Amino acid sequence: MSARLVFHGLRRVFRNGRSSSVAIAEIDLTLEPGSFTAVVGPSGCGKSTLLHIAAGLDTQYEGEFEREPANATLACLFQQPRLLPWRTACDNVAFVLEARGISRTESRQRAGEFLALVGLTQAGEKFPSQLSGGMQQRVALARALAVDPDLLLMDEPFSALDELTAARLREELVTLCAQKQRTILFVTHDIAEACYLAERVVVMSAHPGRIVAEVSIDLPRPRRPDDPRLVEYAGRVLAFIDHGMSQGVTH
Ligand SMILES: Nc1ncnc2c1ncn2[C@@H]1O[C@H](COP(=O)(O)OP(=O)(O)OP(=O)(O)O)[C@@H](O)[C@H]1O
Ligand SMILES: [Mg+2]
């Protein structure tokens, strides 16, 4: 079962005393079950705000947001791995399974399988401080996938990594996505990454954050990151971002 997300007329205003700022406005967006959507846009355009609302972490919005079915399971992956430092890699993954009522033995066994999926078979008994940044992010990815989420929400998950590690994790994500249909919302400022991963790239502009364009990436998978057609798509996305930014300056 994969989830459907619908945003309609969504608006989020941050209020601080007497001042207020409109972070996002007029967001109309539907994520069909099993689709992979990337959201790109300049810093501060409201990408994380949108993702936090999708995750249910922020409920102070106006307009409509629906997650169907309402009991769809979700997992989030952020820029930082956010692991528990006092738990080993295996126990970090097992923790989320135990929290769902799975026995400790089975949780640890399943955690080991997911760590193997992200290429970390040898690292299960290491603590986060003993792992590289890329390895920690792999643990976080294993933890996100271990709960078998219907909906995967990712906020710049690879942006803090070196390009080589990021490229490997992108490939792993593509492989893992091919194994199970799940709905993915992937926020990034990396246009090439968005075009490589997603079926659809949603472009936002800032002040307030609005959707200015949607680009379908009509390329079969597996894709090659150096496919010249991806470079063309990236050029189109960039042109929309530039256009959105110049509109923001003049209005
Ligand atoms: N808790 C908050 N209180 C007040 N303003 C906020 C809060 N969170 C976000 N904002 C504002 O909302 C706008 C959108 O922020 P958001 O973090 O969603 O942007 P972003 O697109 O994710 O940026 P980046 O690419 O830098 O991560 C910004 O102007 C930001 O200052
Ligand atoms: Mg952000």
Side-chain angles (χ1 to χ4, degrees), residues 2 5 27-48 50-51 54 77-79 117-119 132-135 137-138 140-141 144-145 151-206 209-249:
S2 50
L5 291 189
I27 302 287
D28 288 316
L29 182 66
T30 299
L31 272 64
E32 294 298 342
S35 61
F36 194 136
T37 306
V39 176
V40 298
S43 181
C45 74
K47 303 182 294 295
S48 296
L50 187 67
L51 188 126
L77 190 59
F78 298 99
Q79 192 173 354
L117 263 183
V118 297
S132 70
M135 290 163 95
Q137 195 63 332
R138 278 161 188 250
L141 180 59
L145 294 167
L151 175 65
L152 192 51
L153 303 168
M154 297 194 264
D155 194 351
E156 307 204 28
F158 308 139
S159 64
L161 305 175
D162 66 280
E163 185 44 37
L164 217 60
T165 310
R168 280 181 60 185
L169 281 183
R170 276 179 214 124
E171 269 183 47
E172 273 166 25
L173 179 64
V174 167
T175 310
L176 294 168
C177 288
Q179 291 164 7
K180 194 208 163 190
Q181 270 229 328
R182 53 171 68 88
T183 311
I184 301 181
L185 177 58
F186 189 102
V187 161
T188 180
H189 60 261
D190 183 332
I191 298 168
E193 176 178 63
C195 295
Y196 171 67
L197 288 173
E199 293 150 20
R200 179 171 61 145
V201 177
V202 172
V203 183
M204 289 181 69
S205 72
R210 285 175 301 112
I211 294 174
V212 291
E214 289 187 18
V215 178
S216 292
I217 312 295
D218 297 319
L219 290 178
R221 299 178 201 275
R223 298 171 179 165
R224 285 177 51 101
D226 58 353
D227 187 328
R229 291 171 298 179
L230 277 178
V231 178
E232 258 175 58
Y233 277 117
R236 280 178 57 190
V237 171
L238 184 61
F240 282 123
I241 291 178
D242 282 347
H243 183 65
M245 287 177 87
S246 64
Q247 279 196 327
V249 171

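All figures in this text were calculated on a predicted structure; none of them were measured in a lab. Sequential numbering from 1 along the given sequence is applied to the chain's residues.
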Approximate separation, where rounding is to 0.5 Å, of [X] [atom1] and [Y] [atom2]:
X: L50; Y: S48; atom1: CG; atom2: OG; result: 9.5 Å
X: S205; Y: D242; atom1: OG; atom2: CG; result: 12.0 Å
X: E171; Y: L197; atom1: CD; atom2: CG; result: 10.5 Å
X: E172; Y: L117; atom1: CD; atom2: CG; result: 8.5 Å
X: S159; Y: H189; atom1: OG; atom2: NE2; result: 5.5 Å
X: L5; Y: I184; atom1: CG; atom2: CD1; result: 11.5 Å

Specify the closest pair of heavy atoms between [X] and [Y], including all atoms of both residues, with the distance to one decimal.
X: T188; Y: A194; value: CG2-CB, 3.8 Å
X: D28; Y: I211; value: O-CD1, 3.8 Å
X: F240; Y: V212; value: O-CG2, 4.1 Å
X: F186; Y: P157; value: CE1-CG, 3.5 Å
X: T165; Y: G134; value: CG2-CA, 3.7 Å
X: M204; Y: V39; value: SD-CG1, 3.6 Å

Which residues pass the salt bridge (Lys or Arg N to Asp or Glu O under 4.0 Å) test with D155, not counting sequence neighbours?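 For D155, no residue satisfies salt bridge (Lys or Arg N to Asp or Glu O under 4.0 Å) once neighbours in sequence are set aside.
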
Residue pair V201, I191: steps toward the side chain to side chain contact (heavy atoms under 4.5 Å, CB included) verdict: CA-CA 9 Å; V201 177; I191 298 168; over 6 Å; no

Pairwise side-chain contact, [X] with [Y], heavy-atom cut-off 4.5 Å (strictly under):
X: E199; Y: D218; value: no
X: P225; Y: R223; value: no
X: R200; Y: L31; value: yes
X: L219; Y: Y233; value: yes
X: V187; Y: F78; value: no
X: Y196; Y: D227; value: no
X: L145; Y: R182; value: yes
X: L153; Y: L77; value: no

Hey, is the main chain of [Y] close enough, under 3.5 Å, to the side chain of [X] for a donor-acceptor pair?
X: E156; Y: D190; result: no
X: K47; Y: P42; result: yes
X: S2; Y: G34; result: yes

If the condition is side-chain contact (heavy atoms from CB on, under 4.5 Å), which residues does R168 pass it with, not counting sequence neighbours?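 Counting only residues at least two positions away or on another chain, R168 forms a side-chain contact (heavy atoms from CB on, under 4.5 Å) with R138.
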
Kindly write out the residues that satisfy side chain to side chain donor-acceptor pair (under 3.5 Å) with T183, not counting sequence neighbours, or none if the list is empty.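 Testing T183 for side chain to side chain donor-acceptor pair (under 3.5 Å), a comparison that skips the adjacent residues, returns none.
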
Can you name the one residue among V215, V237, V40, V231 that meets side chain to side chain contact (heavy atoms under 4.5 Å, CB included) with C195?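 Output: one option passes, namely V237.
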
Between E163 and R170, does any side-chain N to carboxylate O distance fall below 4.0 Å?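 A salt bridge is present here (some side-chain N lies under 4.0 Å from a carboxylate O).
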
